[in-house]
Amino acid sequence: MPHFICLLTFTQQGLAQLGATIKRSEAFEQRCEQLGARALSTYWTLGMYDVVHIIEAADEKTAASLAM
């Protein structure tokens, strides 16, 4: 399966609930499984993007639905 990179930035609401970041990441992994994809890695970063998810999905449509 192809690999995709999702680059994310926190919204103001996300920054206000920064302590829930791990739970949101776990929820993202569960959503991946529901769509037949797999979250390979998650990185919290400094700079322009706050989170990088590397996922494995069957196609671009699945990857795009996870990014939304």
Side-chain angles (χ1 to χ4, degrees):
M1 265 196 260
H3 293 168
F4 298 89
I5 298 172
C6 300
L7 303 172
L8 308 169
T9 56
F10 290 132
T11 62
Q12 289 295 345
Q13 182 181 0
L15 286 172
Q17 298 177 11
L18 204 53
T21 301
I22 301 294
K23 289 182 183 179
R24 288 196 311 255
S25 180
E26 291 169 351
F28 176 78
E29 291 176 9
Q30 291 174 356
R31 181 69 178 144
C32 286
E33 291 178 15
Q34 291 171 351
L35 294 177
R38 188 166 64 122
L40 300 175
S41 301
T42 299
Y43 301 95
W44 285 267
T45 64
L46 303 173
M48 183 182 285
Y49 298 102
D50 299 311
V51 180
V52 176
H53 286 297
I54 300 177
I55 61 171
E56 186 177 62
D59 52 33
E60 294 88 353
K61 183 179 177 181
T62 304
S65 67
L66 285 166
M68 299 293 155

Of all residues at least two apart in sequence or in a different chain, which pass the side chain to side chain contact (heavy atoms under 4.5 Å, CB included) check with [X]?
{"X": "L46", "answer": "none"}
{"X": "T11", "answer": "Q13"}
{"X": "L7", "answer": "I5, Y49, V52"}

Which donor-acceptor pairs under 3.5 Å do the side chains of residues 29-37 make with protein atoms, sequence neighbours left out?
unit_1	atom_1	unit_2	atom_2	d
R31	NH1	Q34	OE1	3.2

Who passes salt bridge (charged side-chain N to carboxylate O under 4.0 Å, His left out) against E56, sequence neighbours left out?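 Scan of E56 (salt bridge (charged side-chain N to carboxylate O under 4.0 Å, His left out), adjacent residues dropped) gives R38.
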Honestly curious: do V51 and M48 fall in one hydrophobic cluster under the side-chain, below-4.5 Å linking rule?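 No; tracing contacts between hydrophobic side chains, which count when under 4.5 Å, never links both residues.
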According to a hydrophobic-cluster definition based on side-chain heavy atoms being under 4.5 Å apart (Ile, Leu, Val, Met, Phe, Trp, Tyr only), do I54 and I22 belong together?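 Different hydrophobic clusters.
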Under 6.0 Å from the CZ atom of F10, do we count more than 12 heavy atoms belonging to anything else shown?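 Correct, the count exceeds 12.
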Spacing of F4 atom CZ and L40 atom CG [to the nearest 0.5 Å]: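 Atom-to-atom, F4:CZ and L40:CG are 11.5 Å apart.
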First locate atom CG of L8, then atom CG of D50, and finally report the distance between them rounded to the nearest 0.5 Å.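 The distance works out to 8.5 Å.
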Taking only residues two or more places apart in sequence or in another chain, which ones pass ring-ring contact (aromatic ring centres under 6.0 Å, His included) with F28?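 In terms of ring-ring contact (aromatic ring centres under 6.0 Å, His included), with neighbours along the sequence ignored, F28 is linked to H53.
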